[in-house]
**Student:** 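Take a look at the following structure, please.
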Amino acid sequence: MHHDVAIIGAGPVGLCLARALADQSLSVALIERQPAKALAEPAFDGREIALTQASMQQLRTLGVAAHFDDEDISPLQRARIMNGAGEQGLFVDAHMARRQQLGHLVPNQAIRRAAWTAAQAHPDIHLHDGVEVTGTGADHERGWVQLGHSQRVHADLVIAADSRFSETRRARGIGAHMQDFGKTMLVCRMQHEGEHAHTAWEWFDHGQTLALLPLAEHHASIVLTVPDMQAQALLEMDEADFNADMRRRFADRLGAMTLQSSRHAYPLVGTYAHRFVAPRLALVGDAAVGMHPVTAHGFNFGLASVRRLGDSLRQALARGTDLADPTLLARYQHRHRLGTWPLYQVTRGIVGLYTDERAPARAMREGLLRLSQRVTPFRSALAHLLVDDGERGVLGRVGSKGRERLGALLPRRRAVD
């Protein structure tokens with residue numbers, strides 16, 4: 001069987017891409033190892049996704065946001081960055097970016113459910129669910145995906161949307177820069193006595209990193225980054241002891257805390273593919289760029305890859321050329337690297353500096369946060385970064401001086417091989 005496009009992976013990015021390409025009247029094969037029921041009814045996984053203004057608008061255009069329930073969307077108005085025991089830190093407000101909100105928080109399973117609802121209703125999307133991809137390749141005329149031992153799907157272009165540990169990427173000989181941060185992220189929802197005022201926290205405490213993502217008032221998603229052994233102990237801890245431990249970890253800044261959900265843990269590994277394209281192949285989402293969550297742009301980058309690849313395929317249709325035209329795929333790669341590489345490096349720098357437990361590093365980051373709080377243009381640049389990635393990338397809108405101020409806070413990193 002032949003389709004215009006075959007997408008491997010029906011996660012949120014794969015589903016959004018399927019809908020975007022089907023809206024261009026392309027025939028899309030969507031290939032997923034999970035059964036359709038699991039896609040339609042995704043389980044709670046603890047993750048809350050911070051959507052920029054541009055990402056939310058993109059989801060509206062794709063018909064995805066229309067399937068969010070009102071209670072799924074939480075406004076994000078401010079951000080607070082703290083270091084150690086310091087009370088001051090760095091504060092960023094949406095008004096610094098001339099917006100009412102920095103963005104929106106939506107549960108990952110709500111995005112998955114809404115994206116599935118939007119995709120499965122489109123007649124040009126053909127789902128192959130509950131199947132294993134056992135091979136993929138391409139010749140001069142078409143690409144192919146082998147399902148099991150008997151069925152083969154042919155397409156002009158094959159797209160890998162199968163996670164940061166993409167088997168498709170590896171099978172096609174594309175390497176990736178991978179950084180195992182040596183930590184585990186534990187996530188859950190908690191009710192807390194104090195108010196959060198729709199403010200996200202990023203707290204680089206000694207020996208741990210804590211984040212608070214504000215939901216309904218007095219409710220938040222808690223993200224704790226610790227060594228794996230600590231995370232496993234917290235997963236096994238009884239609820240009363242867990243509540244007391246979290247109150248202690250947050251230094252009683254939120255008062256009494258009560259677990260409101262299941263607990264989930266994820267290893268922290270960042271990836272950046274050496275190439276985003278190959279003959280009749282393109283990488284999107286985490287298969288191209290898998291971000292550390294500290295800057296909350298992982299899924300936003302995934303949606304940016306949907307937009308940029310969709311633009312390239314739209315040009316191919318307008319010109320009447322092959323969907324896998326090497327020139328257009330190269331243009332997609334160039335645009336997506338330009339839009340992601342700077343923040344990928346900034347993120348690595350932030351994590352490296354702000355989790356360094358040596359005394360000089362602690363003193364340096366405390367001083368940098370205090371200096372940054374006093375430099376209004378820097379705070380405005382950071383607000384723009386949080387609000388919207390834009391076509392020029394998340395650093396494109398802040399201007400050269402804003403980028404210089406961001407760069408001054410970070411150690412230098414070498415380019416991807």
Side-chain angles (χ1 to χ4, degrees), residues 42-50 74 79-87 89 105-110 112 163-165 179-196 199-270 286 290-296 298-299 347 350-352 354-357 362 365:
F44 175 78
D45 63 10
R47 290 177 288 188
E48 305 289 332
I49 306 301
S74 302
R80 179 182 184 188
I81 304 172
M82 298 174 286
N83 177 64
E87 291 285 342
L105 292 164
V106 180
N108 188 55
Q109 81 273 11
R112 296 177 69 97
S163 88
R164 66 188 62 201
F165 305 109
Q179 182 171 359
D180 187 336
F181 293 96
K183 299 291 178 65
T184 295
M185 178 178 71
L186 183 144
V187 292
C188 63
R189 288 184 174 186
M190 301 200 76
Q191 183 175 352
H192 47 85
E193 190 175 17
E195 295 184 353
H196 56 54
T199 302
W201 293 12
E202 190 73 42
W203 182 6
F204 298 100
D205 196 16
H206 303 319
Q208 62 181 3
T209 301
L210 302 116
L212 176 146
L213 302 176
L215 305 177
E217 195 57 89
H218 300 288
H219 292 79
S221 174
I222 301 301
V223 184
L224 173 66
T225 302
V226 291
D228 186 68
M229 289 184 64
Q230 287 190 40
Q232 294 305 315
L234 287 165
L235 288 173
E236 297 168 4
M237 194 177 287
D238 69 56
E239 190 169 320
D241 288 343
F242 181 81
N243 292 339
D245 188 75
M246 293 302 290
R247 182 173 185 169
R248 176 188 63 80
R249 288 179 182 274
F250 275 88
D252 209 27
R253 293 184 178 187
L254 295 167
M257 302 180 70
T258 306
L259 185 65
Q260 298 289 300
S261 73
S262 52
R263 289 165 273 185
H264 301 263
Y266 302 94
L268 289 182
V269 179
D286 282 359
M291 292 287 288
H292 187 289
V294 69
T295 51
F299 182 58
T347 299
I350 289 172
V351 173
Y354 284 85
T355 59
D356 190 334
E357 293 301 319
R362 291 184 183 183
R365 64 198 191 212

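Remember, it's a predicted structure, so these values are computed and weren't measured experimentally. When reading the values below, keep in mind they use all heavy atoms of this one structure, side chains included, and skip hydrogens, waters and symmetry mates.
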**Student:** Would you say the side chain of Leu215 lies within less than 4.5 Å of the side chain of Gln260, judging by non-hydrogen atoms?
**Tutor:**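 A side-chain contact under 4.5 Å is absent here.
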**Student:** How long is the straight-line distance from NE2 of His218 back to OG1 of Thr258, given to the nearest 0.5 Å?
**Tutor:**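 Nearest 0.5 Å value for the OG1-NE2 distance: 12.5 Å.
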**Student:** Got a sec, which residues hit side-chain hydrogen bond (donor to acceptor under 3.5 Å, both in side chains) with Asp241, two or more places apart in sequence or on another chain?
**Tutor:**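 For Asp241 there are no side-chain hydrogen bond (donor to acceptor under 3.5 Å, both in side chains) partners, ignoring immediate neighbours.
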**Student:** Pairs in or reaching into residues 241-268: which pass ring-ring contact (aromatic ring centres under 6.0 Å, His included), with residues at least two apart or in two chains?
**Tutor:**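 Sorted pair list: Phe44-His264.
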**Student:** Taking side-chain hydrogen bond (donor to acceptor under 3.5 Å, both in side chains) as the test, write out the residues that go with Glu217, two or more places apart.
**Tutor:**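 Residues passing side-chain hydrogen bond (donor to acceptor under 3.5 Å, both in side chains) with Glu217: His196.
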**Student:** Once salt bridge (charged side-chain N to carboxylate O under 4.0 Å, His left out) is applied, do any residues pair with Arg164, and if so which ones, sequence neighbours excluded?
**Tutor:**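 So Arg164 forms a salt bridge (charged side-chain N to carboxylate O under 4.0 Å, His left out) with Asp286.
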**Student:** In Å, rounded to the nearest 0.5 Å, how long is the span from CG of Asn243 to CG of Leu259?
**Tutor:**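 Nearest 0.5 Å value for the CG-CG distance: 6.0 Å.
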**Student:** For Ala233, give me all partners under side chain to side chain contact (heavy atoms under 4.5 Å, CB included), at least two apart in sequence or on another chain.
**Tutor:**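 With sequence neighbours excluded, Ala233 shows a side chain to side chain contact (heavy atoms under 4.5 Å, CB included) to no residue whatsoever.
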**Student:** Does Arg112 have any side-chain hydrogen bond (donor to acceptor under 3.5 Å, both in side chains) partners at least two apart in sequence or in another chain, and if so, which?
**Tutor:**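 If we apply the side-chain hydrogen bond (donor to acceptor under 3.5 Å, both in side chains) test to Arg112, skipping adjacent residues, there are no hits.
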**Student:** Going through the checks in order, is the side-chain contact (heavy atoms from CB on, under 4.5 Å) test met by Arg247 and Asp252?
**Tutor:** CA-CA 5 Å; Arg247 182 173 185 169; Asp252 209 27; 2.5 Å; yes
**Student:** Please examine the side chains of Leu105 and Pro214, heavy atoms only from C-beta on, and report whether any two atoms are closer than 4.5 Å.
**Tutor:**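 SC-SC contact between Pro214 and Leu105 confirmed.
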**Student:** One pair to check against side-chain contact (heavy atoms from CB on, under 4.5 Å): Thr209 and Met185. What are the steps and the verdict?
**Tutor:** CA-CA 9 Å; Thr209 301; Met185 178 178 71; over 6 Å; no
**Student:** For Gln109 and Ala43, work out which heavy atoms get closest and say how close.
**Tutor:**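 Scanning both residues, the minimum pair turns out to be CB-O, 3.5 Å.
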**Student:** Report, one line per pair, each donor and acceptor closer than 3.5 Å where one atom sits in a side chain of residues 220-228; sequence neighbours left out.
**Tutor:**
unit_1 : atom_1 : unit_2 : atom_2 : d
Asp228 : OD1    : Thr184 : OG1    : 2.8

**Student:** Can you name the residues that form a side-chain hydrogen bond (donor to acceptor under 3.5 Å, both in side chains) with Arg263, not counting sequence neighbours?
**Tutor:**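 Residues passing side-chain hydrogen bond (donor to acceptor under 3.5 Å, both in side chains) with Arg263: none at all.
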**Student:** Rounded to the nearest 0.5 Å, what separation is found between the CD atom of Gln191 and the NE2 atom of His219?
**Tutor:**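 Reported value, rounded in 0.5 Å steps: 4.0 Å.
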**Student:** How far apart are the closest heavy atoms of Ala231 and Leu186, and which atoms are they?
**Tutor:**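 Scanning both residues completely, I find the closest heavy atoms to be O-CD1, 3.8 Å.
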**Student:** So, using side chain to side chain contact (heavy atoms under 4.5 Å, CB included) as the criterion, who are the partners of Ala251 when residues are at least two apart?
**Tutor:**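 Side chain to side chain contact (heavy atoms under 4.5 Å, CB included) list for Ala251, sorted by chain: Trp203, Arg253.
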**Student:** Distance from Leu268 atom CG to Lys183 atom NZ, nearest 0.5 Å?
**Tutor:**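 Output value for this atom pair is 8.5 Å.
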**Student:** Going through the distances and angles, do Phe299 and Val106 end up as a side-chain contact (heavy atoms from CB on, under 4.5 Å)?
**Tutor:** CA-CA 11 Å; Phe299 182 58; Val106 180; over 6 Å; no
**Student:** To the closest 0.5 Å, what do you measure between CG (Leu212) and NE2 (His192)?
**Tutor:**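 Atom-to-atom, Leu212:CG and His192:NE2 are 5.0 Å apart.
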**Student:** Hey, what do you get for CE (Met190) to CE (Met246), rounding to the nearest 0.5 Å?
**Tutor:**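 CE of Met246 is found 5.5 Å from CE of Met190.
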**Student:** Which residues pass the side chain to side chain contact (heavy atoms under 4.5 Å, CB included) test with Glu236, sequence neighbours left out?
**Tutor:**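 Glu236: no side chain to side chain contact (heavy atoms under 4.5 Å, CB included) contacts found.
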**Student:** Please identify each residue that fulfils salt bridge (charged side-chain N to carboxylate O under 4.0 Å, His left out) with Asp45, with sequence neighbours left out.
**Tutor:**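 Once residues adjacent in sequence are excluded, the partners of Asp45 under the salt bridge (charged side-chain N to carboxylate O under 4.0 Å, His left out) criterion are Arg47.
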**Student:** Nearest heavy-atom pair of Cys188 and Ser262: which atoms, and what distance?
**Tutor:**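 Scanning both residues, the minimum pair turns out to be CB-O, 3.7 Å.
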